[in-house]
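Here the structure is a predicted model, which means the values were calculated and not measured.
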Amino acid sequence: MPYCRNCGARITKFEKDICPVCGTRNPLDGANSDTVEITSQLDLGQKANRKIYKAHFRLNTFIWFIFLGWTGAGFFYLNFKKRGLIWLLCNLVVLGGLIALFALALTGAKNWLSYAAPISIMYLVNIGIGIYYICKKDIKDGNGEFIH
């Protein structure tokens, strides 16, 4: 639809003689009422409140959980920031507690087991979560989009 040359109001082709808003006679002087310029509908001066969507993949999620799962990197990759922070803190607390527990139980020559056993337990838990994300078919990421 064209616009009034005086007030800028939209005018239909039936209101060619008088603008219904401001009352200007012949509000379409020099304008063609049969065509509409599509770019006039877009406001390019304002930034759109949209983000470019970045697809997340099951294999990438699995790899993040295998190599850096204890840091919550898999959850951060899927845009679950709160869950990632909670996972990081829980892993640090549980890992520290398990190391202390194994250190008390295995005092003596096998002291290296007090570090290796808890780390391997947490590693296996993170691999299990990665397997869950790669096998489950209807999982969504933090944006509400399905993981590919």
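Applying the salt bridge (charged side-chain N to carboxylate O under 4.0 Å, His left out) test to every pair with at least one member in residues 121-138, sequence neighbours left out, gives these pairs: Lys136-Asp138. Legend: salt bridge (charged side-chain N to carboxylate O under 4.0 Å, His left out) pairs involving residues 58-71, not counting sequence neighbours: none detected.
A continuous path of ILVMFWY side-chain contacts below 4.5 Å connects Phe67 to Phe62, so both sit in one hydrophobic cluster. The hydrophobic cluster containing Phe76 does not contain Ile63, counting ILVMFWY residues as joined when their side-chain heavy atoms lie under 4.5 angstrom apart, directly or transitively. Trp87 and Leu95 fall into different hydrophobic clusters, defined by Ile, Leu, Val, Met, Phe, Trp and Tyr side-chain heavy atoms under 4.5 Å apart, directly or through other members.
Rounding to the nearest 0.5 Å gives a distance of 10.0 Å between CD1 of Ile127 and OG of Ser120. Taking CE of Met122 as the start and CG of Leu92 as the end, the distance is 9.0 Å to the nearest 0.5 Å. Expressed to the nearest 0.5 Å, how far CG of Leu68 lies from CZ of Phe65 amounts to 11.0 Å. Between the CG atom of Leu124 and the CD1 atom of Ile131 there is a distance of 9.5 Å, given to the nearest 0.5 Å. Taken from CG in Asn79 to CG in Asn143, the straight-line distance is 4.5 Å, to the nearest 0.5 Å. Within the model, atoms OH of Tyr132 and CD1 of Ile139 stand 4.5 Å from one another, a figure rounded to the nearest 0.5 Å.
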Inset, instruction - Please test Ile66 against Asn126 for side-chain contact (heavy atoms from CB on, under 4.5 Å), starting from the C-alpha separation and ending with a verdict. - result: CA-CA 6 Å; Ile66 285 179; Asn126 285 307; over 6 Å; no
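Atom CH2 of Trp70 sits in a sparse spot, with 12 or fewer heavy atoms from other residues, nucleotides or ligands closer than 6.0 Å.
For the pair Asp141 and His56, the tightest heavy-atom approach, listed with the atom from each and the gap, is OD2-ND1, 2.7 Å. Taking all atoms of both residues into account, the shortest heavy-atom contact from Cys7 to Cys4 is N-SG, 3.5 Å.
Looking only at side-chain heavy atoms (C-beta outward), Trp64 and Leu78 stay at 4.5 Å or farther from each other. Contact check for Val94 versus Ile121: no side-chain heavy atoms found under the 4.5 Å cut-off.
Using a 30° and 60° split on the angle between ring planes, Tyr133 and Phe75 fall in the perpendicular class, above 60°.
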